[in-house]
Enquirer: 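Handing you this structure, nothing more for now.
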Amino acid sequence: MKTKILEITDPQKDMSAIRYAAEVIKNGGLVAFPTETVYGLGCNALDIHAASKIYEAKGRPSDNPLIVHLSDPSRVEEYVYLEDPLAKVYMDHFWPGPLTLVMKKKPIIPDSVTAGLSTVGIRCPSHAVARLLIQKAGVPIAAPSANLSGRPSTTEASHVIDDLNGKVDVILCGGNSVYGLESTVLDITRKPAVILRPGFITLEDLSFINPDTIQASDTSMKDGIPKAPGMKYRHYAPRAKMLLLRGDPVKVSEYVDGIYEKKEGEKACVLTVEEWTHYFKGKRVFDLGPMTDASRIAGNLFSVLRKIDKTDINVIYATYLEGKGLYTSIMNRMKKAAGENVMNL
Ligand code: AMP
Ligand code: MG
């Protein structure tokens, strides 16, 4: 397939590209587009046949549902039952923005989008290109992250081109993602409401609306069944093997000294925060940004993992970041990227 790659520098001036992409969506095609979280790979959420093309392009397991994106929150009741009295409160507070609400779906949302579940995750993005694309298409857009399944999410247009060129109809290039982490997924069909995936909107933020809100544990297996389908798969993984080292930086650096490139064929690097880079002198070091700036770290994570992927590095020694709020979301992604490979020092 020949992919049309269209640059958007100003959504209003480049409206013809957005209109073109909207036509592709209407006709059952696939469009990768920027959002404020990460890039999404979208199709018409009401077309029973379109979703399967997304699963195919990404190599996504067919039991992992897609999130449905709306441009206008006032139309949400066309697609879901608002059973939770707090549903509207969440929407008023956090939409448009990086919160996905899992609610009971109406029959108009095809099973192919929700992987057969009776619920659907709905989000209203704030990114101008995403909103205009949905508006011009005139239908909700089902979109997972625009990366090959299992790989780090895409936060820059070049990442999307690396993963999906030749596999989708259109890539709309609209700069770097503002947040760089996928949306928070909150299941409000459960009592208490449960965060299935932490993101920029944190447990602390959601607890203002409902103090009973809980965070699902990272693996969240109940009797061997994951609470959210996406939880059972390896995610965000760089090509290199990643090991998370938890402890104070002196101990971590001593440990790394003892093993760094000691194995035949090992090409290693250290992934850490700016303040700790000096502990790892003489080694290849990638830094995620200042320790106190969780937003910067979140925004850099996927692009740094993808940068490492472009080198010959095959082992990443990453330092564990302690903290609440956004740090929990960052560590959720890093633990998954490391395949839960965490060592306490
Ligand atoms: P992605 O868009 O690639 O970040 O994937 C969407 C995420 O939302 C996955 O982790 C899904 O498992 C989760 N998700 C989407 N719809 C639902 C749903 N109806 N119930 C539970 N989780 C969902
Ligand atoms: Mg994803």
Side-chain angles (χ1 to χ4, degrees), residues 30 32-43 45 51 54-70 76 79-81 83-84 87 98-106 109-125 130 140-155 159-160 163-164 177 179-190 193-201 215-216 218-222 225-238 298 301-302 305-306 329 332-333 335-337:
L30 301 189
F33 61 99
T35 85
E36 72 278 19
T37 56
V38 298
Y39 272 75
L41 175 60
C43 73
I54 287 187
Y55 287 92
E56 196 186 321
K58 285 191 54 148
R60 185 177 176 96
S62 59
D63 61 352
N64 193 6
L66 310 180
I67 290 171
V68 171
H69 296 72
L70 308 180
V76 70
Y79 312 109
V80 288
Y81 301 97
E83 290 171 337
D84 182 344
L99 178 67
T100 297
L101 293 172
V102 173
M103 294 174 280
K104 190 158 190 292
K105 80 172 185 78
K106 289 192 170 170
I109 301 288
D111 286 346
S112 52
V113 165
T114 63
L117 295 178
S118 59
T119 56
V120 62
I122 305 254
R123 178 167 109 79
C124 204
I141 292 185
S145 49
N147 51 276
L148 290 178
S149 192
R151 305 262 306 121
S153 298
T154 50
T155 56
H159 301 161
V160 184
D163 275 22
L164 297 175
S177 306
Y179 296 126
L181 277 193
E182 306 83 349
S183 61
T184 302
V185 178
L186 180 70
D187 186 346
I188 56 171
T189 66
R190 291 169 208 254
V194 49
I195 299 173
L196 298 177
R197 177 174 72 187
F200 246 81
I201 293 170
Q215 164 73 61
D218 278 340
T219 39
S220 274
M221 298 291 255
K222 192 170 179 280
I225 302 165
K227 286 206 188 125
M231 285 173 169
K232 66 175 185 249
Y233 298 110
R234 182 145 188 236
H235 273 305
Y236 322 116
L301 178 61
F302 291 132
L305 290 178
R306 281 179 174 267
S329 311
N332 166 277
R333 305 307 191 273
K335 279 188 230 163
K336 291 192 175 181

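Ligands are counted one by one from 1 in listed order, and the atoms in each one are counted from 1 as well.
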Enquirer: With E182, which of S145, S153, S177 fulfils side chain to side chain donor-acceptor pair (under 3.5 Å)?
Expert: S153
Enquirer: Would you tell me which option among G121, P65, A146 has the nearest heavy-atom contact to atom 23 (C) of ligand 1?
Expert: P65
Enquirer: Residue-level breakdown please: for T119 versus ligand 1, do any non-hydrogen atoms fall below 4.0 Å on the side chain, on the backbone, on both, or on neither?
Expert: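 Both backbone and side chain of T119 come within 4.0 Å of ligand 1.
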Enquirer: Could you tell me if the side chain of N147 sits less than 4.5 Å from the side chain of F302, heavy atoms only?
Expert: no
Enquirer: Ignoring hydrogens, what is the shortest heavy-atom contact between N64 and A115? Give both atom names and the distance.
Expert: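 Looks like N-CB, 4.0 Å.
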Enquirer: Hey, is T114 one of the residues with a heavy atom under 4.0 angstrom from ligand 1?
Expert: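 No; T114 lies far enough from ligand 1 that no heavy-atom distance drops under 4.0 Å.
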Enquirer: For A193 and I188, which heavy atoms make the closest approach, and how far apart are they?
Expert: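 A193 and I188 have their closest heavy atoms at CB-CG2, 4.2 Å.
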Enquirer: Quick one: name the protein N/O/S atoms under 2.8 Å from the Mg ion (ligand 2), chain by chain.
Expert: S145 OG
Enquirer: Could you list which atoms of ligand 1 come closer than 4.0 Å to a heavy atom of V120?
Expert: 19 (N)
Enquirer: Can you see whether Y81 has K106 sitting over its ring - NZ or CZ less than 6.0 Å from the centre and within 45° of the normal?
Expert: yes
Enquirer: Where do D111 and K105 land on the salt bridge (Lys or Arg N to Asp or Glu O under 4.0 Å) test, with the steps shown first?
Expert: CA-CA 10 Å; D111 286 346; K105 80 172 185 78; 3.4 Å; yes
Enquirer: Which atoms of ligand 1 are found less than 4.0 Å from any heavy atom of L117?
Expert: 18 (C), 19 (N), 20 (N)
Enquirer: Cut-off 3.5 Å, side chains only: do S183 and T37 have a donor facing an acceptor?
Expert: no
Enquirer: What atoms of ligand 1 come closer than 4.0 angstrom to any heavy atom of P144?
Expert: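 Counting atoms of ligand 1 from 1, those under 4.0 Å from P144 are 1 (P), 2 (O), 3 (O).
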Enquirer: Please give me the minimum heavy-atom distance between G42 and A143, naming the atom from each residue.
Expert: CA-CB, 3.8 Å
Enquirer: Below 4.0 Å, non-hydrogen atoms only: which portion of N64 touches ligand 1? Side chain, backbone, both or neither.
Expert: side chain
Enquirer: As a test of understanding, state which of I122, T184, V185 forms a side chain to side chain contact (heavy atoms under 4.5 Å, CB included) with L99.
Expert: T184
Enquirer: Testing the basics here: between P98 and F200, what is the closest heavy-atom pair and its distance to 0.1 Å?
Expert: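 Shortest heavy-atom separation between P98 and F200 comes out as CG-CB, 4.2 Å.
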Enquirer: Identify the heavy atoms of T189 and D187 that sit nearest to each other, and give their distance.
Expert: OG1-OD1, 2.6 Å
Enquirer: Output the list of atoms in ligand 1 that are nearer than 4.0 Å to some heavy atom of L196, sorted by atom number.
Expert: 21 (C), 22 (N)
Enquirer: Measure T100 to ligand 1 on non-hydrogen atoms and call it side chain, backbone, both or neither using the 4.0 Å cut-off.
Expert: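 The answer is neither; T100 stays 4.0 Å or more away.
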Enquirer: Could you work out, for atom 1 (P) of ligand 1, the closest of E182, H235, R197, R190 by heavy-atom distance?
Expert: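 Looking at heavy atoms only, the winner is R197.
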